[in-house]
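Numbered from 1 within each chain, the chains take letters A, B, ... in sequence-line order.
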Amino acid sequence: MDAPRDDHRLSENGNGNGCGEADGRLSKRPRPHPAPISAAEIVEEFSHNDPAVARVNNGSFGCCPASVLAAQLRWQRLFLRQPDEFYFSSLQPSLTRSRSLVLELINAAHLDEVSLVDNATTAAAIIFQHVAWSFIEGAFNPGDAVVMLHYAYGAVKQSIHAYVARAGGHVVEVPLPFPLSSPDEVVAEFRRTLGLCRAGGRRVRLAVIDHITSMPCVVIPVKELTRICREEGVDQVFVDGAHSIGNVEVDVQDIGADFYTSNLHKWLFCPPSVAFLHTRGSPAATPSLHHPVVSHEYGNGLPLESGWIGNRDYTPQLVVPAVVEFVERFEGGLEGIRRRNHEKVVEMGKMLAESWGTLLGCPPEMSCSMIMVGLPGCLGISSETDAMKLRALLRDEFKIEVPIHYQSPPKDGEAAGATDESGATVTGYARISHQVYNVEDDYCRLRDAVHKLVRDGFSCIQSTEEGIQHSSKREAAIGFQSRFPKHGGCGKFERPLGPGNGPIWPKTGLSWVRWMAHATTWSHIKRWHRLRLSLPGGLGDGTIGN
Amino acid sequence: MGSHHRDDCAENGGDDNGHLAKRPRSASCPISAAEIAEEFAHHDPSVARINNGSFGSCPASVLASQLRWQRLFLRQPDEFYFHRLQPALLRSRILVKEVINAADLDEVSLVDNATTAAAIVLQHASWAFSEGGFRKGDAVVMLHYAYGAVKKSIHAYVARAGGHIIEVPLPFPVSSNEEIVQEFRKALELGKANGRRVRLAVIDHVTSMPSVVIPVKELTRICREEGVDQVFVDAAHAIGSVEVDVQDIGADFYTSNLHKWFFCPPSVAFLYTKKCSASSRLHHPVVSHEYGNGLPLESAWIGTRDYSSQLVVPSVMDFIGRFEGGIEGIRKRNHEKVVEMGKMLADAWRTFLGSPSEMCCSMIMVGLPGCLGISSEKDALKLRSLLRKEFKVEVPIHYQLPKDGEIVEKDRSSTVTGYARISHQVYNVEGDYHKLRDAVHKLVNDGFNCTMLPS
């Protein structure tokens, strides 16, 4: 059987039209490989990752092995060599091949159901624009509801607001507890919310359900929630599975949603960026689903519309065959990778929780290749800003990349929140991940970093006050342009050195304060932009504008 | 001196202020022909590439810069996201602002391509119709030769929301700006008939097929006189090909691709939105957490993606600075050369040019011998394929329906129904055009006719 990669080589040489003879079918079982990929080979494949960094945040931006990057480069060069030839002969067949492989990976019924888009954020825009038209054109009535989870991704929430609320839809959030102890808690809240809509006489037109929430990260029982939606008469279900593919099993027929999207660059080793959007039934079933960037393919069905949205670099969408090849070098293929990632991240999560005297944010069966680990309460994480700053501190001081989630403590009268072994409320969680390139030392470093901060009496609360003082002075002293430091690249400030040339530790407040200013630079830039837009006269706080 | 400092910035992520030299740096030693060949060595050397208009071109030094940015992201993506991306995008926007003479940085957004920019502007118009800001039946005016994707976008957003579309018929071949201005005025009158308002005029700066330079400044002025709400100039081909001064042109929205004639890799475009109340309500259709922070910030983060093509503008400025006269010099020489080659071909084939030389830029339409029998758009496409496969010449062919009863002059044997849109960019050599000339001669001598092509 011709493997997809042979077709790819045809197209590299420019022989034929690049579409090849093989139909690009994925072998049903992972092909037995003479010897599975070795640890050394894995290191080689990810040698472009910064070796100094303990990279335990695969969830945000994913990763891409060198062999897939090389395949992408070949595609890019093919386009540049003769772009017209590429456009007329290679592009669409190659996109079709990628779509065919995705179809098999997700067990879609028809190729027509599978479109490739930039990312889940784009997929969400497609779905919500469709819903907006339904409201505008009267298919839905003003006040009809769209339901989403409280922990839906921020961009998706904004998108629902930008399209659905703007067009007259009523947006309902399903409150979700965290930490969680079982999927039943999620199901109960979901049922309750749908029940409230029903009781209020609201028709629910769309339910937006995460397969794996981003922050905090838990696996949602989407199949069950979709079934409940059908029972409750919800028109359509959109599963935002941004993190799913390569992380949990994805069987779109089994899940049964109307729309399902997942990023291929997070856990399926594609370069940035590419996602699939699965739409159940043929394009005839959802004729009004359109890509928001309209091209000459408009009206030819979403797969074709998405296959050409103007001149762009489509190469991230073309390397799926190379990805399949990479994945099959692992024992058990993608399933094996998933399983080992999950086992390892649970093991490391438990190790950290035990070491810090904290807890896991959910039971292992509700985690995937990521898990939430409580941070010691004494770190004093009291806001999302604190969480961001702690993350920046870990990155800059300890070279550890891990996202931190702020979980607001229960209000008076509510049940007591999670506490650590000292009795302090746990308000912060590290979302650790495990991907094939991780080693145990990555987690040991995180463990030790947190221990050090605790020993040194570090607290976000104390540091925040100092940081704010210092940054205001900085803002007053410098103009906008020179926020970008002159040497050593953006974000690299000169650090005061203490005895022995090591950094001055937070107890003195000095270098931490500098890091605070650095860590808040981007949020300040954004705030500055917003204020500039709203105050033509300037900020009036001494900041020198552009 | 210091021409590579911007390349270093890609690695370090820093720069002083990214200000563009007001004048093109007069290189003591401008780039040589050999260096240009080197910069474009990744092009297929066997192909006469005279279609820079469709997909543009990108020199090796800019590609190298892009690769560095890509590797920087892959190395530590969180660090890149939090510290490098936005400043680097800002730097690119600052440079673009200077090149196009925008008044304010907030007016400059970077998007994927002009097609995306069109979707942004048209979605905005669509909401206005849906929310009652515009009345159903109010008009949107576009040129007959507007780009196909833009026409569909107008249909998908404006017509669907209740807007009335008016097309400005344009003559082709065209002999003066006056012809265009007249037709445009007529269309505006039609737009205002029955108490309608013309809410938006979509005007190409350089039409795609057939390619002519439209007098956008004059048409924009007429729009203001005639009470058109807003003007959107679709200048996909403009930057690097004609002079672009957005304040002088005076449109509300102006977009151009940087990967066509401005040496960026695929793909990146700017969307200029004149500062006024309406522009602050423009949104990128892919909504992210930046929603509501203004189009520049919204466009700067539309989810995880490869933004590297938007980050190499400093490297592009370096590259352009190596040419005598900078971008102006490049434009001037491209224009002169394409006109010269166009006339050479028209003489050789005994046809004519589709427009006077002052109405073209770095591309020009050259009539093809009528005996080739191009009788449909399909024929044009097939002839183009034939030229690509048999003769290794890449040139787009335009099919022009002749007016009833009109025999177009110069080609005595039969009506000219096809035009080759030739282009000239820095990597072209005269041999490219000789190849095309000889290919067409051969076809004519062999008695070729499009009816012979397989359907």
Side-chain angles (χ1 to χ4, degrees), chain A residues 48-50 53 57 60-61 64 77 79-85 87-88 118-122 125 129 136 154-155 158-159 162-163 263 265 271-273 290 292-296 298 309-313 316 392 395 401 481 484-491 522 525-526 529-530 532-533 546, chain B residues 12-17 42-44 47 51 54-55 58 71 73-79 81-84 86-87 105-106 112-116 119 123 130 148-149 152-153 156-157 161 257 259 265-267 280 283 285-289 291 293-294 297 302-306 309 385 388 394:
Chain A
H48 50 272
N49 288 5
D50 188 339
V53 172
N57 179 26
S60 289
F61 300 103
C64 186
R77 291 293 176 256
F79 172 85
L80 291 166
R81 187 173 164 79
Q82 220 294 39
D84 298 80
E85 163 102 47
Y87 171 78
F88 284 109
D118 275 353
N119 45 38
T121 307
T122 305
Q129 187 175 57
I136 291 166
Q158 290 274 40
S159 205
Y163 283 110
N263 287 321
H265 54 264
S273 69
H290 292 290
V293 177
V294 176
S295 78
H296 64 264
Y298 182 77
I309 50 173
N311 195 13
R312 303 213 333 175
D313 182 353
R395 177 186 310 123
E401 190 59 57
Q481 290 290 356
F484 309 131
K486 293 187 180 358
H487 348 270
C490 286
W522 175 230
I525 291 174
K526 291 208 292 191
H529 264 290
R530 278 195 283 275
R532 278 197 78 230
L533 283 174
N546 185 15
Chain B
N12 300 334
D15 190 8
D16 32 37
N17 51 18
H42 50 275
H43 287 190
D44 187 335
V47 172
N51 180 26
S54 288
F55 300 101
C58 185
R71 291 296 176 256
F73 172 84
L74 291 166
R75 188 173 166 79
Q76 219 296 39
D78 299 78
E79 163 105 41
Y81 170 78
F82 283 109
H83 300 312
R84 296 189 195 273
Q86 297 305 323
L105 188 57
D106 285 343
D112 275 353
N113 46 37
T115 307
T116 305
Q123 188 178 58
S130 298
K152 294 228 155 170
S153 207
Y157 281 112
N257 287 323
H259 53 263
S267 70
S280 63
H283 292 291
V286 178
V287 176
S288 77
H289 63 264
Y291 183 76
N293 292 338
L297 284 183
I302 50 173
T304 297
R305 303 222 329 188
D306 182 353
S309 53
S385 293
R388 177 184 311 123
E394 189 59 56

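Counting heavy atoms from C-beta outward, B:Asp306 and A:Pro316 have side chains that stay 4.5 Å or more apart.
Proximity to chain B (any heavy atom under 4.5 Å) is restricted, for A:Gln129, to the side chain, taken from C-beta onward. Both the backbone and the side chain of B:Arg305 come within contact range of chain A, with heavy atoms under 4.5 Å apart. Neither the backbone nor the side chain of B:Ala114 comes within less than 4.5 Å of any heavy atom in chain A.
Note: A:Phe61 and B:Phe73 have perpendicular aromatic rings, judged against thresholds of 30 and 60 degrees for the angle between ring planes. Taking the six-membered ring for Trp and thresholds of 30 and 60 degrees, B:Phe55 and A:Tyr87 have ring planes inclined between 30 and 60 degrees apart.
Counting all heavy atoms, side chain and backbone alike, B:Pro285 lies closest to A:Pro292 at CB-CB, 3.5 Å. Scanning all heavy atoms of the two residues, the minimum distance from B:Thr304 to A:Pro272 falls at CG2-CB, 4.3 Å. Nearest approach of B:Ala149 to A:Ser295, heavy atoms of both residues: CB-CA, 3.6 Å. Among all heavy-atom pairs drawn from A:Asn49 and B:Leu74, the shortest one is OD1-O, 3.7 Å. For the pair B:Thr115 and A:Val294, the tightest heavy-atom approach, listed with the atom from each and the gap, is CG2-O, 3.2 Å.
Looking only at heavy-atom pairs under 4.5 Å with chain B, the residue among A:Cys64, A:Ala162, A:Gly310 that has the most is A:Ala162. Your options are A:Asn57, A:Asn119, A:Val53, and the one with the most heavy-atom pairs under 4.5 Å with chain B is A:Asn119. Heavy-atom pairs under 4.5 Å with chain B were tallied for A:Gly154, A:Ala155, A:Pro271; the largest tally goes to A:Ala155. Put simply, of A:Ala125, A:Ser60, A:Ser273, the one with the most heavy-atom pairs under 4.5 Å next to chain B is A:Ser273.
With sequence neighbours excluded, the residues that form a salt bridge (charged side-chain N to carboxylate O under 4.0 Å, His left out) with A:Arg312 are A:Asp118, B:Asp112.
Note that OH of A:Tyr163 is 4.0 Å distant from CD of B:Gln123, once rounded to the nearest 0.5 Å.
Each of A:Glu85, A:Gln82, A:Arg81 was scored for a side-chain contact (heavy atoms from CB on, under 4.5 Å) with B:Val47, with one residue passing: A:Gln82.
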Next item on the list: For side chain to side chain contact (heavy atoms under 4.5 Å, CB included), just list the numbers for B:Ser309 and A:Asp313, CA-CA rounded to whole Å, side-chain angles, deciding distance to a tenth of an Å, and then say yes or no.
Entry: CA-CA 9 Å; B:Ser309 53; A:Asp313 182 353; over 6 Å; no

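In summary, the side chains of B:Asn257 and A:Asn311 do not present any donor paired with an acceptor at a separation below 3.5 Å, with no hydrogens or angles considered.
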